[in-house]
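Model, not experiment: these values are computed from the prediction. Proteins get letters first, then strands, A, B, ... in listed order; numbering begins at 1 in each.
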Amino acid sequence: MPELPEVEALRRGLLPLIVGQKIKKAEVKMPKLVSSKGTTRVSSDLKLQEFIQGTLGRTIEGIERRAKNLIFSLNDGGIILVHLKMTGQLVYKGKSGTDKQISVSGGHPIELSENSLPNKHTYVIFNLEHGTLYYNDVRQFGYLLYFTDKKTLESQKHFDGLGAEPLDKGFDFELFYEKLKAKSGILKKVFLDQTVVVGLGNIYADEVCFDAMVKPLRSINSLKKSEIKALYESIVKILPKAVAMGGSSVSNYLLADGSKGNYAREHKVYGRAGQVCLRCGKTLQKTVLGGRTTVFCDNCQK
DNA sequence: CCTAACCCCTGCTTGC
DNA sequence: TGCAAGCAGGGGTTAG
């Protein structure tokens, strides 16, 4: 469930591996993934051709991130927008013999099927000069969209309504406070809707609330300034740490080289309902908010 | 304008 | 053992 730390860790991992490489050819095995996003996913031959032709022979010049989106810029001004949604992966395998995708067990080489690419869930393959970039997505929720230039991307309003970037220098407490106070409703729902601050998903929303000792079910208008300050401090503490640790591999999230992130072991509440609170020892509670499982400590979160 | 419910999809877990 | 229901959740879409 790639959230901001996972997407950012992936971006940083991909940079040295693929920036500067030319796309020799893109193979698309699931045209709907490059045709549209949302719930009405229809394959389009036109979009498929635009994607293949637009990326053919272009060089990847940079990778940026906005919220949980990855933005690949091409040397002719073209852009590939990638969203991993729940189970998307971008894994790069170099041509050098160091990635044989074979492991040795008991002296006999065995194939690691989970690391063998392409696999049954590989839907887009970028053949690069020095290696191959695979897009895998078990549940096919993610998408890769091609735009001829930045203006076209902007005109389609993909980023409209998104809140502040929590890793940016400009993300200070006053900004967060003003944006949060302008909203109403339940704290966690506001975190998940990306309008105040982007990048928190179900994992980090719960982790931030726990760290700040604020219940995720609290209404925005009940929050004291000191509590909002605590939430802010937890966001700017937890997200960079999670990025540095490669994110949380709780489902099938992988880094650019196919390895797993290490932040899952830092989780204090996510996935721990019914277990003891690591801060006060009481049993962690579970509830459902906006259709999402929510875990918190009823004792030490206020 | 808003919010809540539904939906996209597969694989793993749980219960009978 | 099998098989169905439940669950995982980002976020676009739709109904109200």
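- Take the nearest nucleotide of DNA chain B for A:Lys189 and for A:Arg139: the residue whose nucleotide is more 5' is A:Lys189.
- Position along DNA chain B of the nearest nucleotide to A:Gln140 versus A:Ser184 favours A:Ser184 as the more 5'-ward residue.
- Only the P atoms considered, B:dG11 is 22 Å distant from C:dG11, to the nearest whole Å.
- Closest approach of A:Phe296 and A:Pro216 over heavy atoms only: CB-CD, 3.7 Å.
- Atom CG of A:Leu162 is separated from atom C1' of C:dG12 by 13 Å (rounded to the nearest Å).
- A sub-4.0 Å separation between OP1 or OP2 of C:dG11 and a side-chain N or O of A:His83 is present.
- Under 4.0 Å is where a charged nitrogen must lie from a carboxylate oxygen, and between A:Glu227 and A:Lys302 no such pair does.
- Shortest non-hydrogen contact noted between A:Glu61 and A:Leu74 is OE1-O, 4.0 Å.
- In this model, a side-chain donor or acceptor of A:Arg292 finds a partner on the base of C:dG11 within 3.5 Å.
- Residues A:Lys215 and A:Asp298 are paired through a salt bridge, judged by an N-O separation under 4.0 Å between the basic side chain and the carboxylate.
- Comparing A:Met86 and A:Tyr143 by the nucleotide of DNA chain C whose heavy atom lies nearest to each, the residue mapping closer to the 5' end is A:Met86.
- Atom-to-atom, CG of A:Asp160 to P of C:dT13 comes out at 13 Å; the value is rounded to the nearest Å.
- For A:Phe147, the ring-ring contact (aromatic ring centres under 6.0 Å, His included) test picks out A:His158, with sequence neighbours left out.
- Salt-bridge check for A:Glu165 with A:Arg66: passed, with a basic side-chain N closer than 4.0 Å to an acidic carboxylate O.
- One atom, NZ of A:Lys85, and another, C1' of C:dG11, lie 5 Å apart when rounded to the nearest Å.
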| Candidate pair A:Asn136 and A:Asn119, rule side-chain contact (heavy atoms from CB on, under 4.5 Å), full reasoning | CA-CA 8 Å; A:Asn136 316 311; A:Asn119 61 36; 4.2 Å; yes

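- Between the NZ atom of A:Lys68 and the C1' atom of C:dG12 there is a distance of 13 Å, rounded to whole Å.
- Look at A:Thr293 and you won't find any side-chain N or O under 4.0 angstrom from OP1 or OP2 of C:dC7.
- Distance OH (A:Tyr204) to P (C:dG10): 11 Å, rounded to an integer number of Å.
- If you check the side chains of A:Tyr263 and A:Glu207, you find no donor sitting under 3.5 Å from an acceptor.
- Taking a cutoff of 4.0 Å between a charged side-chain nitrogen and a carboxylate oxygen, A:Arg11 and A:Glu8 qualify as a salt bridge.
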| field | For DNA chain B, the dot-bracket pattern of Watson-Crick and G-U pairs whose distances stay under 3.5 Å, | for other-strand partners | value | .|||||||.|||||||

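- Taking 4.0 Å as the cutoff to heavy atoms of chain A, we find the contact window on DNA chain B bounded by B:dA4 to B:dG11.
- Counting any heavy atom pair closer than 4.0 Å across all strands shown, A:Thr87 reaches no nucleic acid atom.
- Nucleotide C:dG11 holds its C1' atom 18 Å from the CZ atom of A:Phe191, rounded to whole Å.
- Nucleotides B:dA5 and C:dC7 place their P atoms 15 Å apart, quoted to the nearest Å.
- Of the possible donor and acceptor atoms, none in the side chain of A:Ser73 sits under 3.5 Å from a partner among the backbone N and O of A:Ile71.
- Atom pair A:Glu3:CD and C:dA8:C1' shows a separation of 12 Å (rounding to whole Å applied).
- Residue A:Leu33 contributes atom CG, which lies 15 Å from atom C1' of C:dG10 at whole-angstrom precision.
- At the heavy-atom level, A:Lys32 lies under 4.0 Å from the strands shown only through sugar-phosphate atoms.
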